[in-house]
Amino acid sequence: MTSTSPHTNSPAPRRFPVVIVGAGPAGLTVGNILRAASVDCLVLETESRAFIEQRPRAGVLEEGAVRGLERRALADTLLRRAQRHTECEFRFDGRRHRFAYTELTGVHHWVYPQQFLVTDLVREYADVRGGEIRFGVRDVELHDVDGDHPSVSYVCPETGRREVVRCDFVAGCDGARGVTRDAIPAGRTRTSRGDYGIGWLALLAEAPPSADSVVFGMHPRGFAGHMPRSADVTRYYLQCPPDDDPENWPEDRVWAELRERLGADGAPPLTEGRLIEKRVLEMHNYVVEPMVSGRLLLAGDAAHLTAPIAAKGMNLALHDAFLLGDALAAHLTKGDSAGLDGYSAACLERVWDYQEFSHWLSEVYHGVSSGDPYRAGTTLARLRRVFASPAAARAFAEQYLGQPATR
């Protein structure tokens with residue numbers, strides 16, 4: 001929420017050039033960029049450090065995102081530990097179809113679970129670069145973000161007092177359920193939304209991957225996905241109603257559906273294991289335009305949500321963070337405001353490109369199970385074209401890898 005005058009019983013407010021709300025990939029990357037430029041900043045996070053370093057989320061990184069981290073000296077551990085993926089596999093019509101995207105483009109994907117990246121980034125920010133961070137804060141509020149002297153207040157978990165921090169800028173990196181987006185005064189931004197009308201049952205299994213790549217299963221019973229995360233853990237997805245209850249999916253039913261939907265001639269059997277996560281994700285998107293209101297700048301899911309259909313969320317968050325961190329550093333150390341002035345437009349070009357690809361890919365994933373013979377037929381035609389036409393294959397590979405030909 002936002003207000004014009006924070007009520008506090010704290011001592012005189014502290015001051016930082018930048019307050020970053022949210023210690024996810026976006027917020028920690030912005031913080032690291034600022035610390036590398038010797039700019040002081042404060043990161044506020046509602047969860048504990050142990051929690052954010054263990055919370056399983058995304059895991060697929062585009063090469064462009066990894067190179068951006070590498071240029072900022074934030075990828076050393078990632079480059080040692082991450083898996084490189086050069087192919088994916090589509091299963092439809094009972095057959096396996098390998099798609100060797102690196103052969104087409106020379107570019108590959110990296111698989112590195114988000115909690116590993118967050119662990120790396122928070123260690124670098126707090127322990128190496130000396131950045132200040134407060135974990136476990138409560139009731140974060142933003143004040144005067146449309147003026148020249150914004151501030152952020154929060155309740156300190158140790159003392160129970162409301163603390164106030166004054167700043168020049170607030171970076172809103174607190175995700176889809178955070179407070180920063182709601183702090184924008186009414187009428188300053190427009191939020192566009194898209195709802196796919198379906199859900200995915202997101203599963204994490206204590207089981208080695210059952211294939212050497214990501215696998216997408218298009219089946220009349222619904223989409224299924226297999227995403228390796230580590231040598232011992234695999235992410236699976238099952239299409240389901242958006243209002244489904246995870247408790248409707250006991251382990252026997254989950255594995256039976258995965259076997260059915262991922263089944264294909266010559267496919268190895270699934271390696272089953274204990275399910276350590278089950279939750280239903282509603283497949284929907286939104287975009288906030290512009291991503292800036294006064295001294296508040298949004299990044300990542302606070303500004304735009306891309307359903308995990310195309311595995312773009314963490315990548316978009318990092319691309320936002322590169323632009324925002326560099327722009328803030330240039331403004332605060334050199335007085336160069338060009339990056340801040342163009343920040344929203346530069347981010348939104350990529351955001352809308354990824355939104356369109358997610359929309360296209362959703363039809364590929366879900367058209368077969370739509371119950372509409374016409375949609376199913378056109379979906380299969382799309383899939384066959386990707387494997388029959390080099391031009392269609394390359395166009396798909398560029399978008400899948402986050403390297404559209406227009407950029």
Specify whether H366 and F223 have parallel, tilted or perpendicular ring planes, treating 30° as the upper limit for parallel and 60° as the lower limit for perpendicular.
perpendicular
With a sphere of 6.0 Å drawn around CZ of R279, does it hold more than 12 non-hydrogen atoms of other residues, nucleotides or ligands?
yes
Measure from the ring center of H304 to the ring center of Y354 and say whether it is less than 6.0 Å.
no
Distance-only donor-acceptor pairs under 3.5 Å for side chains of residues 380-391, two or more places apart:
from: R384; atom 1: NH2; to: D93; atom 2: OD2; distance (Å): 3.1
from: S389; atom 1: OG; to: A391; atom 2: N; distance (Å): 3.4
from: S389; atom 1: OG; to: A392; atom 2: N; distance (Å): 3.1

Gap separating the CG atom of L401 from the CD atom of E398, nearest 0.5 angstrom:
8.5 Å
Okay, side chain of S293, backbone of L296: is any donor-acceptor separation there less than 3.5 Å?
no
Plane angle bin for F116 and Y112 - parallel if under 30°, tilted between 30 and 60°, otherwise perpendicular
perpendicular
Partner of T306 by side-chain hydrogen bond (donor to acceptor under 3.5 Å, both in side chains), out of K312, Q355, H359, H284:
Q355
Aromatic centroids of Y400 and F99 separated by under 6.0 Å:
no
State whether the side chain of Y125 and the backbone N or O of E132 hold a donor-acceptor pair below 3.5 Å, judged by distance alone.
yes
L275 backbone acceptor or donor facing E251 side chain under 3.5 Å:
yes
Pick one: which of V179, V155, T46 meets side chain to side chain contact (heavy atoms under 4.5 Å, CB included) with D139?
V155
Side-chain donor or acceptor of R181 paired with backbone N/O of A302 under 3.5 Å:
yes
The salt bridge (Lys or Arg N to Asp or Glu O under 4.0 Å) partners of R67 (sequence neighbours excluded) come to E63, E70
Atom pair CD (E62) and CG (N315), whose distance is rounded to the nearest 0.5 Å:
3.5 Å
CG/D127: more than 12 non-hydrogen atoms of other groups inside 6.0 Å:
yes
To the closest 0.5 Å, what do you measure between CD1 (I184) and OG1 (T180)?
7.5 Å
Could you tell me if S153 and H143 have a donor-acceptor pair between their side chains, going purely by distance under 3.5 Å?
yes
List for me each residue that meets salt bridge (Lys or Arg N to Asp or Glu O under 4.0 Å) alongside E53, sequence neighbours excluded, and say none if there are none.
R49
For W249, check ring pair (Phe, Tyr, Trp, His ring centres under 6.0 Å) against everything at least two apart and list the hits.
none
Residues at least two apart in sequence or cross-chain that pass salt bridge (Lys or Arg N to Asp or Glu O under 4.0 Å) with R221, listed by chain then number, are E257
Would you confirm whether N32, through its side chain, and L28, through its main-chain N or O, come within 3.5 Å as a donor-acceptor pair?
yes
Would you call the rings of W360 and F357 parallel, tilted or perpendicular, where under 30° means parallel and over 60° means perpendicular?
parallel
Centroid-centroid distance, F90 to H97, less than 6.0 Å:
no
Give a yes or no on whether the backbone of G266 and the side-chain of R96 come within a donor-acceptor separation of less than 3.5 Å.
yes
Main chain of V233, side chain of S230: is a donor-acceptor contact present, judged purely on distance under 3.5 Å?
yes
For this output row, return yes or no: ring centroids of F92 and H219 closer than 6.0 angstrom.
no
Under the side chain to side chain donor-acceptor pair (under 3.5 Å) rule, collect the residues that match up with E103, sequence neighbours excluded.
none
Option among E89, R98, H85 that satisfies the side-chain hydrogen bond (donor to acceptor under 3.5 Å, both in side chains) test with S213
R98
